[in-house]
Every structure is written in structure tokens, then in C-alpha cells.
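Here, residue 1 is the first one in the sequence, and each next residue gets the next number. Since this is a predicted model, take the numbers as computed values, not measurements.
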Amino acid sequence: QVQLVESGGGSVQAGGSLRLSCTASGVPYRVYCMAWFRQSPGKELEGVARLSTASENIYYADSVKGRFAISRDNAENTLYLQMNRLQAEDTAVYYCTLDLTGACATATPTPDAYRNWGQGTQVTVSS
């Protein structure tokens, strides 16, 4: 059974940085798609960033392009999200997700395509 454990959330002032980590365990295959979603109060889940095992099929939401960077360490089964120049609008619960099929082939990450989710980590940016 796949398990995802996120860490690195917290509170920061606008303009600051945070780095989220997500470690996967129980993954039966070597090739899989991983992504970060976020959800703010009263809003729908938003795909923030995504990349494949070979760090291809990279996607960033327009709202984070140039500020966030997604990366992964396949040897450690760990996904990262480096978040720079954080804004109040980035305040949300951030979720790590993993898909063992074809989620990375889509143009835009959609929540329904990801079967495995972490528990979420809160990111709060104060202005």
C-alpha cells in the first residue's frame, strides 16, 4: 500500500521561502507520476506542480511559475516543492499525490487522476 508523508509546511511572511518534502513508501513500480495540489478555504483543489519519474512532463500552475520549483529524488522516493517569493495567496493546505498509471500524460493535473494522497501540510503566508 502506497503511503505519502509530507513535511516542511509552516508560517512565513510574504516574500519568504519554504521547502515541502514528500516521502513515498510501498510504491510497487519504479515509474510513477507525482504532483503537488493545494486547497485554500472555500476553493477547489488546484494542481500546483507535477513531474514524471524522469523529471519530464513538468507542469506548473500559472500562479506559481517562476517562484516554485518541483523536483524529486527517485533513489529516496522523495518529492520536493521549493517555494520562493511566497504570497498571501499561496496560503493553503498542500497535498502530495502519486499516480502509478498515466496521470503525467495529461496537460493539466486533475485530482481525480491521482489515487494516492498524503495527509496535507499547512502553509500560511502573512502579508
Side-chain angles (χ1 to χ4, degrees):
Q1 183 176 354
V2 174
Q3 290 188 326
L4 303 172
V5 179
E6 300 118 332
S7 61
S11 298
V12 65
Q13 289 190 332
S17 299
L18 284 173
R19 188 192 196 201
L20 305 183
S21 300
C22 170
T23 300
S25 60
V27 183
Y29 310 129
R30 292 178 57 192
V31 178
Y32 49 92
C33 182
M34 296 190 79
W36 290 98
F37 285 80
R38 67 184 181 185
Q39 189 167 31
S40 303
K43 294 187 178 180
E44 295 184 350
L45 276 166
E46 175 190 19
V48 176
R50 174 205 68 198
L51 82 171
S52 62
T53 303
S55 294
E56 299 170 335
N57 301 96
I58 297 175
Y59 167 90
Y60 290 105
D62 288 342
S63 57
V64 307
K65 282 181 181 176
R67 300 188 299 120
F68 289 13
I70 188 172
S71 61
R72 61 193 285 175
D73 182 338
N74 292 327
E76 299 294 331
N77 282 349
T78 301
L79 180 72
Y80 302 99
L81 185 67
Q82 178 66 45
M83 305 185 295
N84 300 323
R85 302 200 308 275
L86 283 160
Q87 305 168 356
E89 295 74 22
D90 297 317
T91 296
V93 178
Y94 285 71
Y95 297 93
C96 170
T97 64
L98 183 150
D99 177 67
L100 298 173
T101 58
C104 272
T106 62
T108 303
T110 56
D112 290 348
Y114 294 83
R115 184 174 181 179
N116 304 284
W117 291 74
Q119 80 285 358
T121 185
Q122 176 70 45
V123 171
T124 301
V125 184
S126 57
S127 56

* **Pairwise disulfide (SG to SG under 2.5 Å) hits with a residue in residues 42-98, at least two apart** => Cys22-Cys96
* **Any pair counted as disulfide (SG to SG under 2.5 Å), so long as it reaches residues 33-75, sequence neighbours left out** => Cys33-Cys104
According to side chain to side chain donor-acceptor pair (under 3.5 Å), who are the partners of [X], at least two apart in sequence or on a separate chain?
{"X": "Asn57", "answer": "none"}
{"X": "Tyr80", "answer": "none"}
{"X": "Arg85", "answer": "none"}
{"X": "Ser71", "answer": "none"}

* To do: Only pairs at least two apart or in different chains count here, so list each side chain to side chain donor-acceptor pair (under 3.5 Å) that has a residue in residues 111-123.
  => Glu6-Gln119, Gln122-Thr124
Residues in side chain to side chain contact (heavy atoms under 4.5 Å, CB included) contact with [X], at least two apart in sequence or another chain:
{"X": "Glu56", "answer": "Ser52, Ala54"}
{"X": "Ser63", "answer": "Arg38, Glu46, Ala61"}
{"X": "Gln3", "answer": "Ser25"}
{"X": "Ala105", "answer": "none"}

* **Thr106/Thr108 under side-chain contact (heavy atoms from CB on, under 4.5 Å): CA gap, chis, key distance, verdict** => CA-CA 6 Å; Thr106 62; Thr108 303; 5.8 Å; no
* Asked: What residue among Asp73, Asn74, Leu51 forms side chain to side chain contact (heavy atoms under 4.5 Å, CB included) with Leu79?
  -> Leu51
* To do: Sequence neighbours left out, what passes salt bridge (Lys or Arg N to Asp or Glu O under 4.0 Å) with Lys65? Give chain and number order.
  => Asp62
